[in-house]
Every structure is written in structure tokens, then in C-alpha cells.
Number of protein chains: 2
Amino acid sequence: MDYATERFAENGYHPTSVAEIVSGLGVGKGVFYWYFDSKDELFLEILKQSQRDLRRHQHAAIAETDDPVERIALGIRATLEWSSAHADLNRLVQFAATEERFLPALRRGQEVAAGDAQRHVIEGIASGRLRDLDPAYIAHGIIGITAQLARVFLHEQDQPWEAVADAAVSMVLEGILVDS
Amino acid sequence: MDYATERFAENGYHPTSVAEIVSGLGVGKGVFYWYFDSKDELFLEILKQSQRDLRRHQHAAIAETDDPVERIALGIRATLEWSSAHADLNRLVQFAATEERFLPALRRGQEVAAGDAQRHVIEGIASGRLRDLDPAYIAHGIIGITAQLARVFLHEQDQPWEAVADAAVSMVLEGILVDS
DNA sequence: CGCCAACTTGACCGCTCGGTCAAGCCTGTT
DNA sequence: AACAGGCTTGACCGAGCGGTCAAGTTGGCG
């Protein structure tokens with residue numbers, strides 16, 4: 001799965017053949033179909049595993065505080081840290097969004113992530129620390145800023161994730177306007 | 001190109017064959033290769049055309065004001081309006097990001113968009129109306145929020161673009177914190 | 001009308017794909 | 001030693017791909 005991830009990320013899903021994967025590993029094709037039903041199933045397995053892994057990373061990072069605003073900030077930081085270490089998986093997620101049959105799995109993962117964020121947003125609104133906007137919009141807005149900054153500044157420009165995280169947190173919390 | 005766009009968006013680029021495109025149009029395969037050098041070239045042409053079209057739409061929308069902050073808001077609104085009318089092109093852009101040979105064209109378009117936004121951000125900072133953050137981060141942050149909200153709320157949940165635009169503008173300008 | 005060039009056709013080509021399977025290997029059990 | 005079953009091999013298959021091209025067809029011009 002690690003090797004396939006690397007090939008898919010570098011070459012694209014369709015251009016990477018099963019033959020290429022198994023020969024790169026030095027095994028026969030039969031062994032692939034012993035462990036996976038199909039190429040698609042392999043891809044879905046990689047996708048699910050990466051979603052689980054990111055989520056575990058986020059959970060670990062936010063455990064150190066109970067404050068919802070801080071949890072949001074720590075969640076953003078953890079996401080960018082993980083993302084900077086897993087550029088290849090980012091690429092796969094983007095591809096998955098372009099083919100109907102991978103969308104359900106993708107959306108499930110994204111809804112889980114949004115749900116996680118949303119819980120802290122709701123808590124923050126209830127305690128009067130966050131503006132009373134629709135929590136779902138806020139949650140996805142956070143995910144959007146984070147994903148885009150990761151794509152551009154981590155994966156295209158190789159900037160350190162800490163700097164990107166500072167910018168993301170600042171924009172999410174305070175917007176871009178001078179005193180509101 | 002319209003028909004190909006629709007097929008690529010619904011089926012994915014690789015699973016859609018040239019044979020399928022031409023037979024869907026009721027023409028021979030030769031006529032396709034008379035007008036395009038390859039399937040890839042067709043795709044790049046679609047991509048470029050859509051980037052030009054969105055940009056024209058944005059330019060038209062912001063022409064009515066000189067205020068940089070308002071221009072940013074109007075640009076976001078115009079983007080979401082256009083995006084809600086062109087769900088298929090959104091899908092193609094996402095796919096393009098997953099294959100090396102399409103990335104250069106994609107990045108060129110994205111840098112143009114970020115450059116457009118960045119000019120207004122710089123002007124806003126200079127006039128003291130925007131916080132003094134890195135304009136490049138802000139520009140991509142804006143693009144990120146906008147693209148993500150478009151994906152989730154326009155294309156997955158079919159919400160009206162005006163509501164999504166209100167949320168995006170509000171988050172971009174003021175963040176999520178209660179008075180900062 | 002004849003002719004040329006722009007355009008159109010679809011059978012065809014070489015190739016690679018995802019997936020199958022008969023055959024064989026390796027290891028633990030009896 | 002015999003065997004059984006988990007595991008591995010790679011030649012092979014039918015299908016479908018992107019792209020080619022010889023053979024038309026069409027419409028405008030002299």
C-alpha cells in the first residue's frame with residue numbers, strides 16, 4: 001500500500017498499472033489479487049487508512065486542552081503538520097474527488113472531519129467566544145482555508161508548516177479586516 | 001468541447017474515451033483528430049477556456065467599484081455565482097491537479113487568480129483597512145475558503161450561491177471570533 | 001461542369017490494461 | 001515420508017484504448 005500510494009501520487013491513478021506496482025515490488029501479479037479484490041479496492045483502502053491516520057493525529061493534538069477555540073487552532077496546526085508529511089496522500093484525495101465511485105468514501109471522511117470541527121465550533125458559539133454563524137459553514141470554511149494553504153504553500157512552495165499554520169489560524173479566527 | 005466537458009465531469013477523464021465522445025456527438029473519430037492533436041490537448045483547451053471565462057466574469061463583477069475591500073467581496077460573490085453555474089468545470093479542475101502534465105496549466109491559472117486577488121489585498125493593506133498579513137497567504141486563503149464552500153455547499157448540497165457567498169465574505173473579512 | 005482543398009468517415013493498428021488461473025512452492029502437521 | 005493448504009508465480013486473455021489513414025464527400029470557384 002505504501003508503494004502504491006507513492007506511484008499513484010506521482011503518476012496518477014489510471015496511468016499506474018497493477019503490473020507496474022507488482023513489478024516495482026518484485027512480486028507476481030497473483031499475489032496482488034490474493035490480498036486485494038481489485039485495483040479500486042486497493043485505492044479505497046489507502047484512502048480510508050489515510051483518513052483514519054489524520055484523524056488520530058488531530059485527536060492526539062487537541063487532547064491537551066479543553067478550550068474549544070484552542071482546540072480549533074490546534075486541530076488546524078495538526079492538520080498542516082500531518083499534511084506536510086504526507087504530500088502524496090493529498091494528491092490521492094484530490095483525484096478521488098474526480099471519479100464518481102470514490103466520492104462516497106471521500107465524502108464520508110470529509111463529513112467526519114467537518115463534524116469533529118463543528119463540535120468545537122458549536123461549543124465556542126455557546127460559550128459566546130465565537131460569532132453566531134452557521135457551524136457547518138464555519139467548519140467547512142476552516143477545512144477549506146487549511147487545505148488550500150497546504151496545497152499551495154506546503155506542497156508547491158515547500159514552506160515550513162508552522163508558518164503556514166500561523167497564517168491559517170490567524171485568518172480563521174480574526175479574518176482579514178482591521179478590528180471588526 | 002461542451003459535450004466532452006460534460007462526459008469528463010460525469011465519468012472522469014480516463015474512463016471517457018475519444019470513441020465515446022465522437023459517437024455521442026454522432027461524428028467520426030477522424031473529425032476529432034482534425035481539430036485536436038490529442039485527447040490531452042482537448043482537455044487543456046477546456047481548462048484554459050474555463051479559466052478565461054471565470055476571470056472575465058470576475059472582472060465584470062468588480063468593475064462597479066474602486067474600493068479594494070468591496071472588490072474582494074464582489075470577487076468572491078462572482079466566483080461562487082460562476083461556480084454554481086459550472087459544477088462540471090470544477091470537477092475537471094480537481095482532476096487536473098492529480099496529473100503531472102496538467103499541473104503547469106492549472107498552476108498558471110491559479111497564480112493569475114491569486115495575483116488578481118493579491119492586488120486588492122495589497123491596496124487594502126496600504127490604505128490601512130486590512131490587517132498587515134502576507135498578501136499571498138491572504139489571497140490563497142480567500143481562494144481556499146471560496147473553493148471549499150463551493151464544493152460542499154453548492155455542488156454537494158445544492159444551496160443557493162447567494163447564501164454561500166454571504167458566509168464566505170463574512171468569514172474572510174471578519175473571521176470567526178467575537179470582536180477581536 | 002470539373003476540380004481542388006477542406007473536411008469527414010470508420011475500419012483498423014499496436015499496445016496496454018485489469019483480471020484469471022493452472023501450476024508450483026513452502027511450511028507445519030501427522 | 002506424505003500430505004494439505006496458504007501463498008506465489010507469470011503467461012495469458014478479452015477488452016478497450018489512443019491514434020492513423022486510405023477512401024470518400026462536400027461546397028465554392030474558375
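Proteins get letters first, then strands, A, B, ... in listed order; numbering begins at 1 in each.
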Do B/Gln94 and B/Arg151 have side chains that get closer than 4.5 Å, going by heavy atoms?
yes
Only one of A/Asp67, A/Ile62, A/Ile125, A/Leu130 clears side-chain contact (heavy atoms from CB on, under 4.5 Å) with A/His120; which?
A/Ile62
Nearest-Å distance for atom pair CD/C1', residues A/Glu41 and C/dG18:
14 Å
Rounded to the nearest 0.5 angstrom, the OG1-CG distance for A/Thr16 and A/Asn11 is 4.0 Å
Could you please name the option among D/dG19, C/dT9, C/dT20 that lies closest to any side-chain atom of A/Tyr33?
C/dT20
Donor-acceptor pair under 3.5 Å, A/Lys29 side chain vs C/dG18 base
yes
What closest approach, in Å, do B/Thr65 and B/Arg71 show between heavy atoms, and which atom pair accounts for it?
O-NE, 2.7 Å
Expressed in angstrom and rounded to an integer, what is the separation of B/Leu25 atom CG from C/dT9 atom C1'?
15 Å
Are A/Ser17 and C/dT16 close enough that a side-chain N or O sits under 4.0 Å from OP1 or OP2?
no
May I ask you to evaluate whether B/Trp34 reaches the phosphate of C/dC7, defined as a side-chain N or O under 4.0 Å from OP1 or OP2?
yes
Roughly how many Å is it from CZ in B/Phe36 to P in C/dC7, rounded to a whole number?
14 Å
Report which part of the nucleic acid A/Tyr35 touches: base, sugar-phosphate, or nothing (heavy-atom distance under 4.0 Å, all strands).
sugar-phosphate
Between D/dG19 atom C1' and B/Ile21 atom CD1, what is the distance in whole Å?
13 Å
Validation row, ring centre A/Phe43 to ring centre A/Phe95 under 6.0 Å:
yes
A/Asn11 CG to C/dT16 P, in whole Å, measures 15 Å
Using atom OH of A/Tyr13 as one end and atom C1' of C/dC17 as the other, report the distance to the nearest whole Å.
12 Å
Can you tell me the distance, in whole Å, between the NE2 atom of A/His14 and the P atom of C/dG19?
11 Å
What is the nucleic acid contact for A/Val31, judged by heavy atoms within less than 4.0 Å: base, sugar-phosphate only, or nothing?
base
Would you classify A/Thr16 as touching base, sugar-phosphate or nothing, given that sugar-phosphate means primed atoms plus P, OP1 and OP2, and contacts are heavy atoms under 4.0 Å?
sugar-phosphate
Would you mind reading off the distance between A/Phe32 atom CZ and C/dC17 atom P, rounded to a whole angstrom?
13 Å
